[in-house]
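Here the structure comes first, spelled out in structure tokens, and everything after it is commentary.
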There are 2 protein chains.
Amino acid sequence: MTIGRPREFDTDQALEAAMRQFWSKGYEATSLQNLLEVMEVSKSSFYETFGSKHELLEQCLTLYANTLIASLREELRQAKTGLSFIDKVLMSLIDEATAKSEKCGCLLVNTTNELAQRDKIIAKLVANGTKSLQGVFEEAVRRGQKEGNIPLNKTPEALSNYLVNSMVGLKTMVKGGADARTIKDICEITMTALK
Amino acid sequence: MTIGRPREFDTDQALEAAMRQFWSKGYEATSLQNLLEVMEVSKSSFYETFGSKHELLEQCLTLYANTLIASLREELRQAKTGLSFIDKVLMSLIDEATAKSEKCGCLLVNTTNELAQRDKIIAKLVANGTKSLQGVFEEAVRRGQKEGNIPLNKTPEALSNYLVNSMVGLKTMVKGGADARTIKDICEITMTALK
DNA sequence: AGCATTTTGGACCGCTCAGTACATATCTAT
DNA sequence: ATAGATATGTACTGAGCGGTCCAAAATGCT
């Protein structure tokens, strides 16, 4: 069907590998050489397919945000209550703190810290991602309020922003080496604000 | 008194300039050339005085943490209550969000995100800094509890970790471009956990 | 078979990177 | 004046950076 020489690599797979690399090492610390290796793509194919290192990052951020949001939406859909969803998401950070695998944090948080101030395009992308994340929490809060588990004296907007903020903090704390006990304490106190 | 040719630059001043540069741009994105310019030091003098780019970062992190902690301790000392100190520190983020100057975030947070996972020496330094910050909050919480403004049903350790976490989140949110209203909402809800 | 189309391999680009070597300049102490 | 000590200016290193160019290879279509 398609004309011309066929690709010798999987585009989606390569993009995901690139995403993991940026996630783990950050943008500046990831060299083109690193990318070519993990993506299993030649330099020519790289520039042909992804444009540049910067454009690749844009694609990775979009992929990351879409994947994250889709996964959370699905989890929220399956959750018993809006409140239990929020609790579960927060408490999952405890496992992350315990795991001995590399702690990469959150690509959106990492990229915000590394690039948001000096790269408008990237700033916009991570802001969009964060906004989507807040949207999921807002939906969860609304549901929780409807279900009667979350008081109505705070707006879903404010509460969801508060939750995003906690998540951002927690991801960084875990990355910085905070122990599981500390993370648990933080999660529990964070949850008391929705009581 | 001192023997040999005198320095043509101010060591403390140069170190502070370097700190600001790392604070603004991050470690990888700050080149040696950048540093030499803002520090107003020749390359020879740089290596003679500060050892290497990495060692310079170590010194900058120490300076940053010491300065921050000293400033907060002083503010706590002058505060009317432990609770009002905490409130003031959190709410100061609103001004940061409003300011149109460059939003550098917190050097400890930035460096944790950029380097903590792959640089043990730096990880230790930022962990120490964070620990000191938590210590100040812990002291404030203890004082607040003694003064009767903060309930005793949560430990000072847990509450102070919670506050550090909020600060870490807020610094990143501001850097990511969150508006003042969002920050204010987050601060207010954060404070309800100590009611 | 031959041609259009696309991908790939590899050489190459100028530039910047962090760091070094060493001669020279500037000071104090004698 | 000179010797010892410290600081600086300059030239240099090898390696790596992101990115480009183009010929060769591999496909489908006629």
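Here is how names work: the chains are called A, B, and so on, in the same order as the sequence lines, proteins then strands, and each is numbered from 1.
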Could I get the full list of side-chain hydrogen bond (donor to acceptor under 3.5 Å, both in side chains) partners for A:T192, not counting sequence neighbours? none
What residues, two or more places apart in sequence or in another chain, satisfy side-chain hydrogen bond (donor to acceptor under 3.5 Å, both in side chains) together with B:E48? none
What side-chain donor-acceptor pairs closer than 3.5 Å can you find for residues 139-146 of chain A, not counting sequence neighbours?
unit_1: A:E139; atom_1: OE1; unit_2: A:R73; atom_2: NH1; d: 3.1
unit_1: A:R142; atom_1: NH2; unit_2: A:E138; atom_2: OE2; d: 2.6
unit_1: A:R142; atom_1: NH2; unit_2: A:E157; atom_2: OE2; d: 3.4
unit_1: A:R143; atom_1: NE; unit_2: A:E147; atom_2: OE2; d: 2.8
unit_1: A:R143; atom_1: NH1; unit_2: A:L76; atom_2: O; d: 2.7
unit_1: A:R143; atom_1: NH2; unit_2: A:A79; atom_2: O; d: 2.6
unit_1: A:R143; atom_1: NH2; unit_2: A:K80; atom_2: O; d: 3.1
unit_1: A:Q145; atom_1: NE2; unit_2: A:P151; atom_2: O; d: 3.1
unit_1: A:Q145; atom_1: NE2; unit_2: A:K154; atom_2: O; d: 2.9

A:L57 CG to D:dG18 C1', in whole Å, measures 15 Å
Residues forming a side-chain hydrogen bond (donor to acceptor under 3.5 Å, both in side chains) with A:S42, sequence neighbours excluded: A:S45
Just jot down the salt bridge (Lys or Arg N to Asp or Glu O under 4.0 Å) partners of A:D185, sequence neighbours excluded, or say none. A:R181
Distance-only criterion, 3.5 Å: show the donor-acceptor pairs between side-chain atoms of residues 118-126 of chain A and protein atoms not counting sequence neighbours.
unit_1: A:R118; atom_1: NH1; unit_2: A:E28; atom_2: OE2; d: 3.2
unit_1: A:R118; atom_1: NH2; unit_2: A:E28; atom_2: OE2; d: 3.3
unit_1: A:R118; atom_1: NH2; unit_2: A:E114; atom_2: O; d: 3.3
unit_1: A:D119; atom_1: OD1; unit_2: A:I121; atom_2: N; d: 3.2
unit_1: A:D119; atom_1: OD1; unit_2: A:I122; atom_2: N; d: 3.1
unit_1: A:D119; atom_1: OD2; unit_2: A:H54; atom_2: NE2; d: 2.6

Let's see if you get this right: which residues in residues 6-18 of chain A place a heavy atom under 4.0 Å from DNA chain D? A:P6
Numerically ordered, the residues 110-118 of chain B set in heavy-atom contact under 4.0 Å with DNA chain C is none
Could you list the residues that satisfy salt bridge (Lys or Arg N to Asp or Glu O under 4.0 Å) with B:E96, not counting sequence neighbours? B:K171
Where along residues 25-54 of chain A does a heavy atom fall under 4.0 Å from DNA chain C? A:S42, A:S44, A:S45, A:E48
Sorted by chain and number, sequence neighbours left out, side-chain hydrogen bond (donor to acceptor under 3.5 Å, both in side chains) with B:T11 holds for B:R7
Is a donor on one side and an acceptor on the other found under 3.5 Å between the side chain of B:N165 and the backbone of A:L170? yes
Could you give the CZ-to-P distance, from A:R5 to C:dT7, as a whole number of Å? 10 Å
Tell me, please, which residues at least two apart from B:E55 pass salt bridge (Lys or Arg N to Asp or Glu O under 4.0 Å). none
